[in-house]
Amino acid sequence: MKPKPKRVATKKILALLSQMYPDAHCELDFRNPFELLIATILSAQSTDKQVNIVTKGLFAKYPHPQNYIDLTEEELAEEIRGLGLYRNKSRNILQTCKILTSQYGGEVPTNRAALESLPGVGRKTANVVLSNAFDVPALAVDTHVLRVSNRLALADSDNPLEVEKQLNHKVPRKDWTDTHHQLIWHGRRICSARKPKCERCDLLPLCWYGKNQVGSH
DNA sequence: AACTCGGGGCA
DNA sequence: TGCCCAGAGTT
């Protein structure tokens with residue numbers, strides 16, 4: 001495979017992405033920052049569809065962080081059964097709710113440092129909450145964004161934080177959240193990890209990876 | 001950098 | 001059956 005070009009048609013790629021996925025949005029169901037925070041913690045290695053099913057019952061029963069602090073890990077684990085990594089998530093959410101209750105008056109903090117200090121909340125989850133619940137521009141880099149932006153040569157790194165920085169330089173700040181969603185939708189629908197559907201991808205003429213795949217067998 | 005957690009959906 | 005799912009924490 002050829003080395004990545006130093007400059008790519010970034011504007012064209014971004015324009016095409018927004019044209020391909022004009023309705024790209026967060027597919028998790030949530031009504032407030034707390035629900036988004038919990039749903040996003042739960043979404044790791046789980047489908048958003050399953051998260052929505054589980055959280056519907058969970059939030060009806062336990063709408064506020066205060067409602068969680070007296071549960072045991074086992075009790076909460078039972079509530080979120082059906083999702084992957086559910087023991088870790090149960091422990092983290094319980095701890096997070098205790099911190100939200102004792103230190104933040106039951107509210108979700110709006111700054112990154114406070115968010116990332118919560119158990120189960122890393123860079124990616126913090127960015128999702130900031131951008132989707134608080135309208136703070138932040139480009140969350142998950143596995144889809146990492147893979148797709150590298151294939152398009154919009155980024156050149158396996159480190160999510162590094163990719164986030166590279167994208168921040170190339171994407172207008174006002175578009176960070178939309179671009180984030182578009183890259184994810186593209187990664188799920190066409191630019192999949194194993195067998196990307198390059199033959200029906202409108203980005204193929206502009207794609208470093210796709211052009212290198214054509215005729216490479 | 002390499003593990004570990006992990007059940008459920010879907011081809 | 002194998003592969004994948006909007007990661008984070010620990011070693």
Side-chain angles (χ1 to χ4, degrees), chain A residues 17 20-21 23-30 33 35-58 73-100 108 112-134 136-152 154-155 157-164 167 171 175-197:
Chain A
L17 270 171
M20 292 166 71
Y21 308 102
D23 302 320
H25 60 273
C26 177
E27 297 190 83
L28 295 173
D29 292 336
F30 66 97
E35 291 190 355
L36 178 61
L37 174 66
I38 300 305
T40 307
I41 292 174
L42 290 175
S43 72
Q45 298 299 303
S46 305
T47 60
D48 46 5
K49 191 180 295 183
Q50 283 302 108
V51 172
N52 286 339
I53 292 171
V54 168
T55 54
K56 186 172 184 179
L58 184 71
E73 288 183 21
E74 291 73 19
E75 286 169 338
L76 182 54
E78 185 63 23
E79 299 288 340
I80 62 173
R81 195 173 47 170
L83 301 179
L85 316 180
Y86 67 103
R87 290 181 210 282
N88 285 349
K89 289 170 181 175
S90 173
R91 183 169 60 251
N92 287 334
I93 288 172
L94 224 36
Q95 286 304 115
T96 283
C97 286
K98 287 176 182 174
I99 295 171
L100 291 180
V108 178
R112 174 190 306 289
L115 280 169
E116 288 189 25
S117 74
L118 299 169
V121 181
R123 180 86 188 178
K124 186 261 174 181
T125 298
N127 279 6
V128 167
V129 172
L130 287 171
S131 60
N132 289 296
F134 298 132
V136 175
L139 214 165
V141 176
D142 65 4
T143 56
H144 293 300
V145 173
L146 189 74
R147 179 182 68 257
V148 174
S149 55
N150 269 298
R151 285 181 177 174
L152 289 168
L154 293 174
S157 171
D158 291 327
N159 182 317
L161 185 56
E162 177 60 25
V163 168
E164 182 185 334
L167 290 176
V171 182
D175 298 331
W176 283 357
T177 304
D178 286 340
T179 298
H180 159 76
H181 292 130
Q182 290 157 13
L183 289 171
I184 288 175
W185 281 37
H186 185 55
R188 293 176 60 179
R189 288 160 178 71
I190 293 181
C191 198
S192 50
R194 295 300 172 83
K195 294 181 180 177
K197 303 169 180 64

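Owing to the predicted nature of the structure, the values given are computational and were not obtained by experimental measurement. Lettering follows sequence order; numbering is per chain, from 1.
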- Query: Do other residues, nucleotides or ligands put more than 12 heavy atoms under 6.0 Å from A/Lys56 NZ?
  - Reply: no

Which whole number of Å gives the distance between the C1' atom of B/dG6 and that of C/dG2? 15 Å

ask   = Quantified in whole Å, what is the P atom distance between nucleotide B/dA11 and nucleotide C/dA6?
value = 15 Å

Comparing A/Pro119 with A/Gly187, nearest DNA chain C nucleotide closer to 5' gives the residue A/Gly187

Judged by nearest nucleotide, the residue sitting upstream toward the 5' end of DNA chain C, A/Gly120 or A/Thr47, is A/Thr47

Whole-Å distance separating the [atom1] atom of [X] from the [atom2] atom of [N]:
X        : N      : atom1 : atom2 : result
A/Asp48  : B/dG7  : CG    : P     : 20 Å
A/Arg81  : B/dG6  : CZ    : P     : 14 Å
A/Lys197 : B/dA11 : NZ    : C1'   : 11 Å
A/Gln50  : B/dC10 : CD    : C1'   : 11 Å
A/Gln45  : C/dG9  : CD    : C1'   : 14 Å
A/Leu85  : C/dG9  : CG    : P     : 12 Å
A/Arg91  : C/dG7  : CZ    : P     : 18 Å
A/His25  : C/dA6  : NE2   : P     : 13 Å

Would a 4.5 Å heavy-atom cut-off, applied to side chains only, mark A/Leu76 and A/Leu58 as touching? yes

Regarding [X], tell me which of base, sugar-phosphate or nothing describes its non-hydrogen contacts under 4.0 Å with the strands shown.
X        : result
A/Leu118 : sugar-phosphate
A/Ser46  : base
A/Thr125 : sugar-phosphate
A/Val121 : sugar-phosphate
A/Pro160 : nothing
A/Thr40  : nothing

- Message: Test side chain to side chain donor-acceptor pair (under 3.5 Å) on A/His186 and A/Arg189; report intermediate values, then the result.
- Response: CA-CA 5 Å; A/His186 185 55; A/Arg189 288 160 178 71; over 6 Å; no

From the set [options], return the single nucleotide nearest to any side-chain atom of [X].
X        : options             : result
A/His181 : C/dA6, B/dG7, C/dG7 : C/dA6
A/Arg194 : C/dC4, B/dG6, C/dA6 : C/dC4
A/Val128 : C/dG7, C/dA6, B/dG6 : C/dA6

Between A/Arg151 and A/Ser192, the two heavy atoms sitting closest are NH1-O, 2.7 Å

Quiz item: With distance as the sole test, does A/Thr125 use its side chain to make a donor-acceptor pair with the main-chain N or O of A/Ile41 at under 3.5 Å?
Solution: no

Of A/Gly84 and A/Lys49, the one whose nearest nucleotide on DNA chain B sits closer to the 5' end is A/Gly84

